[in-house]
Undergrad: 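I am attaching a structure below and will ask some questions about it afterwards.
In the text below, chain A, chain B and the rest are named by the order of the sequence lines, each starting its count at 1. Keep in mind the model is a prediction, meaning the values are calculated, not measured.
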There are 2 protein chains.
Amino acid sequence: MMANGNTVDKILDAAQELFAERGFAETSLRMITSKAGVNLAAVNYHFGSKEALIQATFSRFLTPFSREFRDQLNAYIKLVGEENVDIAHMIAVLAASAQVVAERHEQSVAVFMRLMGLAYAQAQNHLREYLKEHYSDVFKPFMRTMKTACPEMTPIEWFWRIHFVLGTLAFTMSSVDSLQAMAANDLSVDSQFKDMISYLAKFVSAGLLAPAT
Amino acid sequence: MMANGNTVDKILDAAQELFAERGFAETSLRMITSKAGVNLAAVNYHFGSKEALIQATFSRFLTPFSREFRDQLNAYIKLVGEENVDIAHMIAVLAASAQVVAERHEQSVAVFMRLMGLAYAQAQNHLREYLKEHYSDVFKPFMRTMKTACPEMTPIEWFWRIHFVLGTLAFTMSSVDSLQAMAANDLSVDSQFKDMISYLAKFVSAGLLAPAT
DNA sequence: AACTGTTTGAAACATACGTTTGAAACCTAT
DNA sequence: ATAGGTTTCAAACGTATGTTTCAAACAGTT
């Protein structure tokens, strides 16, 4: 049996935190293994390569997350009916799913968000392809449902608007912790995750619902 | 005299393109110098270090751009009066300034945008500090003017909204070329830069102008 | 207790990186 | 034409990276 989850998880925990802090290229295997307290060779033994470790880091939280998100989204759609979905509420469902999964695994939702943001921003083609191959069938229905809640517009305008939304999400995800710190510093307000999500949902739904050009 | 602009510019041209394509950490000086057709040592001779080259790459276009943007923005504000500024139009001014500067230097505005997006996304603290130190006095008035055009809201909600806007801009910038390619592929439409900017301006101004929560 | 497959450990490997060196080539001004 | 400062060049330096190796330690089965 394989089953030695201890070393594997110690590596994943350390990798997840360091990747989120510093990015992929800027994090070496030696940093990861020394933070994890395991031997350097363990990464290549258990994962095969650094690329595979990066992918494993994502799938560890993305697989349960996408399941949770799919279920919560379907439940919401069943509840209100497809023609009555509300964009802001869908964003809230997205965030709630992330938070539920993070809590279930006793991990920081901010770290997950930052990783997702990095996946978009960093130049890791293998990662983008991996994510597309494994998780696109969860996010395509999400996009389709979003579209039904929007006013009629040309395909090209819809194309851009949905990518503006993804951009807002990705950026906010990737800097959520430093932004929260800024808010705490500059405004002496500790900005709750929940509040930020509701601001975000309001912002993108207003953008999506704006009358077509 | 120094004045040997030839090698310096060849290096900057190559660096700009490679940084935009692959990011900073993933681009080596050897890639840059071989693409530029100059000797490896030339980078350290002319710029001192890789960090300094990265900063020089930015200041080469950011200095003329921020001048142009400041002037165009002031002209617009003078024209309509401070209390009548329109958010979408300010975004359009931002984009127009970038395009004017790019054309003047016979370079791609998409490359500039992608570099700006990367500056946000990549973990280059020296770059962020450099940009903040040299260019914040152009963007602070821009933000202040934006605020006057928005409805009353709590400081914390304004804080988040303006960062959502920056996020949308940064993301769109950093992927403008691949998104345009996607649009051309998936929709058989070649999406003009101008059109995209007007969609973007509409989107973020709707988000900013949404009634406060 | 001895055998088996699995996991760890210290060390080395090959390669790539940013940077430095010192001599050659190049300019320009006298 | 020559001297002096500037720029280029090939080569090397030191360091850090991802990966591999192989022996030692471990765990479970008979």
Undergrad: Does B:F142 have any ring pair (Phe, Tyr, Trp, His ring centres under 6.0 Å) partners at least two apart in sequence or in another chain, and if so, which?
TA: B:F69
Undergrad: Does B:T7 make a side-chain N or O approach to OP1 or OP2 of D:dT7 shorter than 4.0 Å?
TA: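 Checking D:dT7 against B:T7, no side-chain N or O comes under 4.0 Å of OP1 or OP2.
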Undergrad: Please name all residues satisfying side chain to side chain donor-acceptor pair (under 3.5 Å) with B:H134, sequence neighbours left out, ordered by chain then number.
TA: none
Undergrad: Taking only residues two or more places apart in sequence, or in another chain, which ones meet A:K35 in a salt bridge (charged side-chain N to carboxylate O under 4.0 Å, His left out)?
TA: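 A:K35: salt bridge (charged side-chain N to carboxylate O under 4.0 Å, His left out) contacts with A:E17.
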Undergrad: Which letters describe nucleotides 13-25 of chain C, given B = protein heavy atom under 4.0 Å from base, S = only from sugar-phosphate, - = neither?
TA: ----BBBBB----
Undergrad: Just jot down the side chain to side chain donor-acceptor pair (under 3.5 Å) partners of B:Q72, sequence neighbours excluded, or say none.
TA: B:E68
Undergrad: Please list all pairs passing the side chain to side chain donor-acceptor pair (under 3.5 Å) test where one or both residues lie in residues 155-165 of chain B, with sequence neighbours left out.
TA: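 Counting only pairs at least two positions apart or across chains, the side chain to side chain donor-acceptor pair (under 3.5 Å) contacts touching residues 155-165 of chain B are A:S191-B:W160, B:E157-B:R161, B:E157-B:T213.
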Undergrad: Using a cut-off of less than 4.0 Å, is there contact between a side-chain N or O of B:H46 and OP1 or OP2 of D:dT8?
TA: yes
